[in-house]
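Each remark here refers to the structure printed beneath this line.
As the structure lists them, so they are numbered: ligands from 1, and atoms in each ligand from 1. Keep in mind that the numbers below use all heavy atoms, side chains included, and drop hydrogens, waters and symmetry copies.
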Amino acid sequence: MTEAAPTNDASRGTILVLNGPNLNLLGTREPEKYGTSTLVDVENLAKEAGAAHGFDVECFQSNHEGALVDAIHAARGKAVGIVLNAGAYTHTSVAIRDAISAVQLPAVEVHITNVHAREEFRHHSYLSDISKAVIAGAGIMGYRFAVEYLADLNSPQA
Ligand code: CA2
């Protein structure tokens, strides 16, 4: 039996990119607000950013709060960090907050839009104070910045 050839490009870890409700609609509605890129484009951008730094990126989107909680739990012991755009659950979900706190993984809260320049109810986040970083208003580039930040956080310092 032939053994797999050893490689020098072993993964340095996995970064989970989680998207919440309605983000599956990216690129199909409200382009003036959310741009023209699709969720697949966002996920590919995040994967490319991870690969450039030696990290795998796994992506998951759900419109259901419990499914997002389950995905966060599943990341424990598997991922080195979580990029989270919880969509509207950002402003409502104690359950997602508790899940992020429970797994004790560094999380980066991402929003495509600048939530602070929008309606008052979007100004409060249940996630910001338990996140390592918050990125809002940079469009889909925010996902890239978040992956790069988590890659840096999980790399030996020069
Ligand atoms: O700016 C963001 O990324 C948000 O997390 C997006 C959420 C919103 O509830 C948050 O306040 C800010 C909404 C996601 C809706 O996504 C759509 C994408 C395309 C078309 C329609 C909705």
Name the atoms and distances for all side-chain donor-acceptor pairs under 3.5 Å in residues 54-62, with sequence neighbours left out.
from  : atom 1 : to    : atom 2 : distance (Å)
Asp56 : OD2    : Ser11 : OG     : 3.0
Glu58 : OE1    : Lys78 : NZ     : 3.1
Gln61 : NE2    : Gly20 : O      : 3.1
Gln61 : NE2    : Asn24 : OD1    : 3.4
Gln61 : NE2    : Asn63 : OD1    : 3.0
Ser62 : OG     : His64 : N      : 2.9

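- A distance of 9.0 Å separates CG of Asp70 from CG of Leu68, quoted to the nearest 0.5 Å.
- Other residues sharing a hydrophobic cluster with Leu25 under the 4.5 Å side-chain heavy-atom criterion for ILVMFWY residues do not exist; the residue is a singleton.
- Environment of CD in Glu119: crowded, with over 12 heavy atoms of neighbouring residues, nucleotides or ligands closer than 6.0 Å.
- Protein neighbours of ligand 1 below 4.0 Å, counting non-hydrogen atoms: Pro21, Asn22, Leu23, Leu25, Leu26, Arg29, Glu30, Tyr34, Asn85, Gly87, Ala88, His91, His111, Ile112, Thr113, Val115, Arg122.
- Asp152 and Ser155 are not linked by any side-chain donor-acceptor pair at a separation below 3.5 angstrom, with hydrogens and angles left out of the test.
- Taking a 4.5 Å side-chain heavy-atom cut-off between Ile, Leu, Val, Met, Phe, Trp and Tyr, the cluster of Val115 contains only that residue.
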